[in-house]
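Structure, as structure tokens:
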Amino acid sequence: MTDLMVLRGRLDEIDEKIVSLYEQRMDVCKEVAEYKISTGKKVFDRQRENEKLAKVKSLTHDDFYAKGVEELFEQIMSFSRKLQYRMLSESGVQGRLPFIGVDALETEKARVVFQGADGAYSQAAMMKYFGDEVRSFHVDTFREAMEAIDEGAADFAVLPIENSTAGIVSENYDLLAEFENYVVGEQIIRIEHCLLGLPGTKLEDVKTVYSHPQSLMQSARFLSEHDWQQVSMQNNAFAAQKVAKDGRRDQAAIASEHAAKIYGLEVLKKGVNMDDSNSTRFIIVTNQRIFRKDAGKISICFEVPHESGSLYHVLSHFIYNDLNMTRIESRPIPERSWEYRFFVDFEGNLAQASVKNALRGLREEAINLRILGNY
């Protein structure tokens with residue numbers, strides 16, 4: 001039997017040759033990049049890479065080795081592309097991003113829209129971000145809010161995007177992909193659901209509770225202690241509004257303390273939701289392609305070819321450019337069964353060279369890449 005140290009010595013010799021050949025290959029790739037810079041040719045040539053993979057696989061004499069060679073050359077060609085993207089950036093061939101950096105958002109005379117009614121959590125988030133004197137109006141649906149800024153009826157919209165216990169607001173992810181509107185800020189507020197009723201109402205008077213389905217779910221432990229009918233509403237504020245309007249002591253709403261003040265209701269019990277750390281993240285959206293110069297988070301969405309490893313290769317651009325990806329979500333693409341659109345948040349600013357380099361690679365290798373905002 002061959003001594004293990006001898007075998008390891010042979011592997012070391014082979015590895016040294018592999019490293020040397022890899023460096024030689026990358027040096028040739030630099031010359032390829034220089035040619036593409038001078039001619040304006042795109043870096044990514046999918047047909048050429050597929051032909052190359054088929055050829056190197058055919059040089060092997062074992063199916064298992066063929067699969068390994070395919071994976072190896074996929075990585076080699078991936079790093080070749082990244083080297084070329086970097087050289088394009090260093091040569092000044094950046095390509096302009098259609099976003100304008102601003103020192104601050106113009107909010108003093110801004111008109112802001114939120115979904116729901118007076119007393120909604122969206123209104124509370126809006127007032128925390130824009131101030132109590134903000135000029136605002138509300139609409140019934142998230143789509144109407146997006147349409148309002150798209151059409152210019154409002155300068156900004158405030159939309160919930162994620163709850164710490166209930167997860168993402170999937171409808172608003174889909175609307176971000178549909179509309180040419182952009183995220184320019186975010187606001188996180190703590191959610192404390194309260195049981196609200198007419199002044200003087202006792203718990204034993206209540207027979208029916210109204211609220212948004214998520215709020216009912218988040219308050220399930222408290223509600224299980226009572227034999228009350230639960231009725232879903234489009235919005236917590238609508239629930240509070242109904243209880244105030246109907247004027248019946250056998251009705252109650254689960255909503256915010258802010259809603260109680262708006263509609264003259266009494267807080268029958270605070271903190272009926274099960275999670276004391278429950279928070280919702282709201283996004284501030286506009287129809288202008290702008291970003292604050294001190295922004296530190298970028299949101300994008302894209303699709304990938306329906307091929308093995310395509311998402312992995314796209315996401316590798318974040319690793320190569322030392323960018324920290326903080327979130328990835330997927331949403332089904334309407335009318336395209338079993339295909340998905342990916343939403344990614346990562347740390348960075350559109351003015352950074354590393355961000356521009358990553359976006360260049362993503363734009364060439366992903367499908368329908370959209371920058372949703374830098375905030």
So, Gln123 and His258: side-chain donor and acceptor under 3.5 Å apart, yes or no?
yes

Is there a side chain to side chain donor-acceptor pair (under 3.5 Å) between Tyr129 and Thr107? Walk through the geometry before answering.
CA-CA 10 Å; Tyr129 190 89; Thr107 61; over 6 Å; no

Applying salt bridge (charged side-chain N to carboxylate O under 4.0 Å, His left out), can you list everything that pairs with Asp174, at least two apart in sequence or on another chain?
Arg331

Between Lys293 and Asp103, is a salt bridge (Lys or Arg N to Asp or Glu O under 4.0 Å) present by the stated rule, with each step listed?
CA-CA 6 Å; Lys293 292 178 181 178; Asp103 293 321; 3.6 Å; yes

Against Arg81, only a single residue in Glu364, Glu74, Glu49 fulfils salt bridge (Lys or Arg N to Asp or Glu O under 4.0 Å); can you say which?
Glu49

Over all atoms of both residues, closest heavy-atom pair of Pro160 and Ser122:
CD-OG, 3.9 Å

Heavy-atom donor-acceptor pair, Asn374 side chain to Val184 backbone, under 3.5 Å:
no

Heavy-atom closest contact (Ile367 atom, Val304 atom, distance):
CD1-C, 3.8 Å

For the residue pair Leu372 and Leu176, what are the closest heavy atoms and their distance?
CD2-O, 3.7 Å

Salt bridge (Lys or Arg N to Asp or Glu O under 4.0 Å), that's the test. Do Glu70 and Lys67 meet it? Break it down for me.
CA-CA 5 Å; Glu70 181 180 33; Lys67 183 62 178 175; 3.6 Å; yes

Relative to each other, are the rings of Phe343 and Tyr173 parallel, tilted or perpendicular (30° and 60° limits)?
perpendicular

Is Leu359 reachable from Phe342 through a run of hydrophobic residues whose side-chain heavy atoms are each under 4.5 Å from the next?
yes

Is a side-chain donor-acceptor pair under 3.5 Å present for His193 with Gln218?
yes

Check the orientation of Tyr182 and Phe99. Use parallel for under 30°, tilted for 30 to 60°, and perpendicular for over 60°.
perpendicular

Is there side-chain contact between Gln234 and Thr141, with at least one heavy-atom pair below 4.5 Å?
yes

Residue among Lys356, Arg360, Lys36 satisfying side-chain contact (heavy atoms from CB on, under 4.5 Å) with Leu88:
Arg360

Using modelled atom types only, decide if a donor and an acceptor are shared between the side chain of Arg341 and the backbone of Cys301 within a distance under 3.5 Å.
no

For Thr326 and Glu347, what are the C-alpha separation, side-chain angles and deciding distance, and is it a side-chain contact (heavy atoms from CB on, under 4.5 Å)?
CA-CA 7 Å; Thr326 57; Glu347 295 175 354; 3.9 Å; yes

Can you find a heavy atom in the side chain of Asp27 that is under 4.5 Å from one in the side chain of Lys30?
yes

Applying salt bridge (Lys or Arg N to Asp or Glu O under 4.0 Å) to Glu171 and Arg143, what does each step give before you reach the verdict?
CA-CA 9 Å; Glu171 181 182 351; Arg143 176 173 289 277; 5.8 Å; no

When every non-hydrogen atom of Phe302 is compared with those of Ala366, the smallest separation belongs to CB-CB, 3.9 Å

Main-chain N/O of Asp140 paired with Gln115 side-chain donor or acceptor, under 3.5 Å
yes

Report whether Ile149 and Ile284 are members of the same hydrophobic cluster (ILVMFWY, side-chain heavy atoms less than 4.5 Å apart, transitive linking).
no

Check: Glu192 main-chain N/O paired with Tyr121 side-chain donor or acceptor under 3.5 Å
yes

Tell me the closest heavy-atom pair linking Lys57 and Ala66, and the distance in Å.
CG-O, 3.6 Å

Qualifying residues under side chain to side chain contact (heavy atoms under 4.5 Å, CB included), relative to Val267, sequence neighbours excluded
Cys194, Leu196, Glu257, Ala260, Lys270

State, to 0.1 Å, how close Ala148 and Val113 come at their nearest heavy-atom pair, and which atoms those are.
CB-CG1, 4.2 Å

Under 3.5 Å donor-acceptor pairs involving side-chain atoms of residues 197-211, not counting sequence neighbours:
| unit_1 | atom_1 | unit_2 | atom_2 | d |
| --- | --- | --- | --- | --- |
| Thr201 | OG1 | Leu198 | N | 3.3 |
| Thr201 | OG1 | Leu198 | O | 2.7 |
| Asp205 | OD2 | Lys202 | N | 2.8 |
| Tyr210 | OH | Gln251 | NE2 | 3.4 |
| Ser211 | OG | Asn236 | OD1 | 3.0 |
| Ser211 | OG | Ile254 | O | 2.8 |

Group every Ile, Leu, Val, Met, Phe, Trp and Tyr by side-chain heavy-atom contacts under 4.5 Å, then state whether Phe142 and Ile283 land in the same group.
yes

Quick check on Asp294: does its CG atom have over 12 non-hydrogen neighbours (other residues, nucleotides or ligands) under 6.0 Å away?
yes

Just checking, Lys82 and Phe79: is the charged tip under 6.0 Å from the six-membered ring centre and within 45° of the axis?
yes

